Number of protein chains: 2
Amino acid sequence: MENKGIAEEEENKCQVFSHVWEVLGKRWSLLILKNLYEKETARFNELKRSLGKISSTVLSARLLEMEREGLISKRIFPEVPPRVEYRVTARARELGIILNELGEWAVRWKSPKMASTKVQ
Amino acid sequence: MENKGIAEEEENKCQVFSHVWEVLGKRWSLLILKNLYEKETARFNELKRSLGKISSTVLSARLLEMEREGLISKRIFPEVPPRVEYRVTARARELGIILNELGEWAVRWKSPKMASTKVQ
DNA sequence: CCGTATCCTAGCAGATACTG
DNA sequence: CAGTATCTGCTAGGATACGG
């Protein structure tokens, strides 16, 4: 492991992070993860049903993106009719802990909703 | 404080969280926060310059959204030419700690980038 | 300097239809 | 069942111009 400058490492952290963020920030991503956290393992249409009104197209896209980010793993059973099982990875489970902290932070402050603008 | 069911509280946490998330997930939001964390206080065009190629329109919108979320506070000095200073609130500083954890999580795993699909 | 008002465009969500 | 292919509408974001 080379000796990187701290600034460079900070820069790197930011880049890598915003990369994942772009996926997580998209519509449905978090809801999909939430479902998988709870269910431990789920199939495509099962997921689709429990998500309400998401389309196959979008669900498929989100799953692929998150798989590429190493958040979801996929297991194909070569049967007829086809069976595919999705689950969260260890990486995603670690993320879940932090997301939970985020959730607690969010309610702890409960959006003040008042303007904080001050005129001097 | 009433006695809420845990499920209800969980539901609430999720709602409040996704609310903030909608703001944070938008383009530029995190970068703006990052700049303010470092600078402690910044003016509009100063911010605009250091962000690269953001437009006034968008910067203005992001700042307003985050102000409404209680993440940013604004101070107007009634001078000519006008001076306005932005800074992060205590709420945002707490958030910063968690975001930092997120950053560390992101590099710790460094997107594997390989397909995790397994055929059984 | 600090923004708002307009207009324009790309990209994404969603609907529908169809395959292995 | 588990997806792709294709099309459409919408809206976030960017460029530009202007006003307090």
Side-chain angles (χ1 to χ4, degrees), chain A residues 18-33 35-36 39 41-69 72-87 115-120, chain B residues 18-33 35-36 39 41-69 72-87 115-120:
Chain A
S18 67
H19 191 247
V20 192
W21 192 263
E22 266 164 42
V23 172
L24 255 37
K26 289 194 183 180
R27 206 174 175 186
W28 297 110
S29 296
L30 281 184
L31 235 61
I32 294 170
L33 271 189
N35 261 271
L36 283 180
K39 283 205 194 353
T41 173
R43 304 177 60 173
F44 189 86
N45 280 315
E46 184 188 348
L47 217 42
K48 187 157 142 56
R49 254 173 277 118
S50 57
L51 282 170
K53 24 190 289 118
I54 191 177
S55 69
S56 310
T57 320
V58 176
L59 176 55
S60 175
R62 283 308 94 86
L63 286 171
L64 195 63
E65 289 159 8
M66 293 202 277
E67 194 193 352
R68 277 204 247 273
E69 281 308 317
I72 285 179
S73 72
K74 187 177 172 181
R75 201 176 201 171
I76 301 174
F77 298 83
E79 305 170 357
V80 178
R83 179 154 63 105
V84 178
E85 283 182 0
Y86 294 92
R87 63 180 61 210
S116 66
T117 305
K118 284 177 206 103
V119 180
Q120 223 55 17
Chain B
S18 68
H19 190 246
V20 191
W21 191 265
E22 266 163 42
V23 172
L24 254 37
K26 290 193 182 178
R27 204 176 176 184
W28 297 111
S29 296
L30 282 184
L31 235 60
I32 294 170
L33 271 188
N35 262 273
L36 284 180
K39 284 204 192 357
T41 173
R43 304 178 59 174
F44 189 85
N45 280 316
E46 183 187 350
L47 218 41
K48 186 156 142 56
R49 256 173 277 118
S50 56
L51 282 170
K53 24 190 290 121
I54 190 175
S55 67
S56 310
T57 321
V58 176
L59 177 55
S60 175
R62 282 309 96 84
L63 286 171
L64 195 63
E65 290 157 9
M66 293 202 277
E67 194 193 351
R68 277 204 248 270
E69 281 308 316
I72 285 178
S73 72
K74 187 178 172 181
R75 201 177 200 170
I76 301 173
F77 298 83
E79 308 171 355
V80 178
R83 179 156 62 106
V84 178
E85 283 182 359
Y86 294 92
R87 62 179 63 208
S116 65
T117 306
K118 282 178 207 103
V119 180
Q120 224 54 18

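Just so we're on the same page: letters track the sequence lines, and every chain starts at 1. The shown structure was predicted, so the numbers you read here are calculated from the model rather than taken from an experiment.
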Closest to the Pro81(B) side chain, choosing from dC1(C), dA15(C), dC1(D):
dC1(C)
If we only count heavy atoms from C-beta on, is the Leu31(A) to Ile54(A) side-chain gap below 4.5 Å?
no
Taking the minimum atom-to-atom distance to the side chain of Thr57(B), which one of dC1(D), dT6(C), dG13(D) wins?
dT6(C)
Sugar-phosphate, base or nothing in reach of Phe77(B), heavy atoms under 4.0 Å
nothing
Taking atom C1' of dC1(C) as reference, at what distance in whole Å does atom CD of Glu85(B) sit?
13 Å
What is the distance, rounded to the nearest whole Å, between atom CG of Leu59(B) and atom P of dG13(D)?
13 Å
Heavy-atom nearest nucleotide on DNA chain C for Pro82(A) versus Glu65(A): which residue maps closer to 5'?
Glu65(A)
Taking Glu65(B) first and then Arg68(B), would you say they form a salt bridge - that is, a charged N and a carboxylate O separated by under 4.0 Å?
no
Separation of dC1(C) C1' from Asn45(B) CG (nearest whole Å):
6 Å
Please state how far atom CG in Leu51(B) lies from atom P in dG13(D), giving the value in whole angstrom units.
14 Å
Give a yes/no answer on whether the side chain of Lys74(A) brings an N or O atom under 4.0 Å of OP1 or OP2 in dG3(D).
yes
What nucleotide among dC2(C), dG14(D), dA13(C) has an atom nearest to a side-chain atom of Val84(B)?
dC2(C)
Exam field: side chain Ser116(B) to backbone Ile72(A), donor-acceptor pair closer than 3.5 Å
yes
Just the rounded figure in Å: distance from P of dG20(D) to CZ of Phe44(B).
18 Å
What is the distance, to the nearest angstrom, from the CG atom on Leu63(A) to the P atom on dC1(D)?
16 Å
Arg27(A) has an atom CZ; how far is it from atom P of dT11(D), in whole Å?
11 Å
What does Lys48(A) touch in the nucleic acid at a heavy-atom separation under 4.0 angstrom: a base, only the sugar-phosphate, or nothing?
nothing
Taking only the side-chain nitrogens and oxygens of Arg62(A), find out if one of them lies under 4.0 Å from OP1 or OP2 of dA13(C).
yes
Interatomic distance, Tyr86(B) OH vs dG3(C) P [rounded to whole Å]:
3 Å
Heavy-atom nearest nucleotide on DNA chain C taken for Ala61(A) and for Arg43(B); more 5' hit belongs to Arg43(B)
Taking only the side-chain heavy atoms of Ser56(A) (C-beta and beyond), determine which of dA15(D), dG13(D), dG3(D) contains the nearest atom.
dG3(D)
Separation between CZ of Phe44(A) and NZ of Lys74(A), rounded to the nearest 0.5 Å:
9.0 Å
Looking at the side chain of Ser60(A), which of dG3(D), dG20(C), dC2(C) is the nearest nucleotide?
dG3(D)
CZ of Arg75(B) to OG1 of Thr41(B), rounded to nearest 0.5 Å, is 8.5 Å
Considering only side-chain heavy atoms of Trp28(B), which listed nucleotide, dC1(D), dG3(D), dG14(D), is closest?
dG14(D)
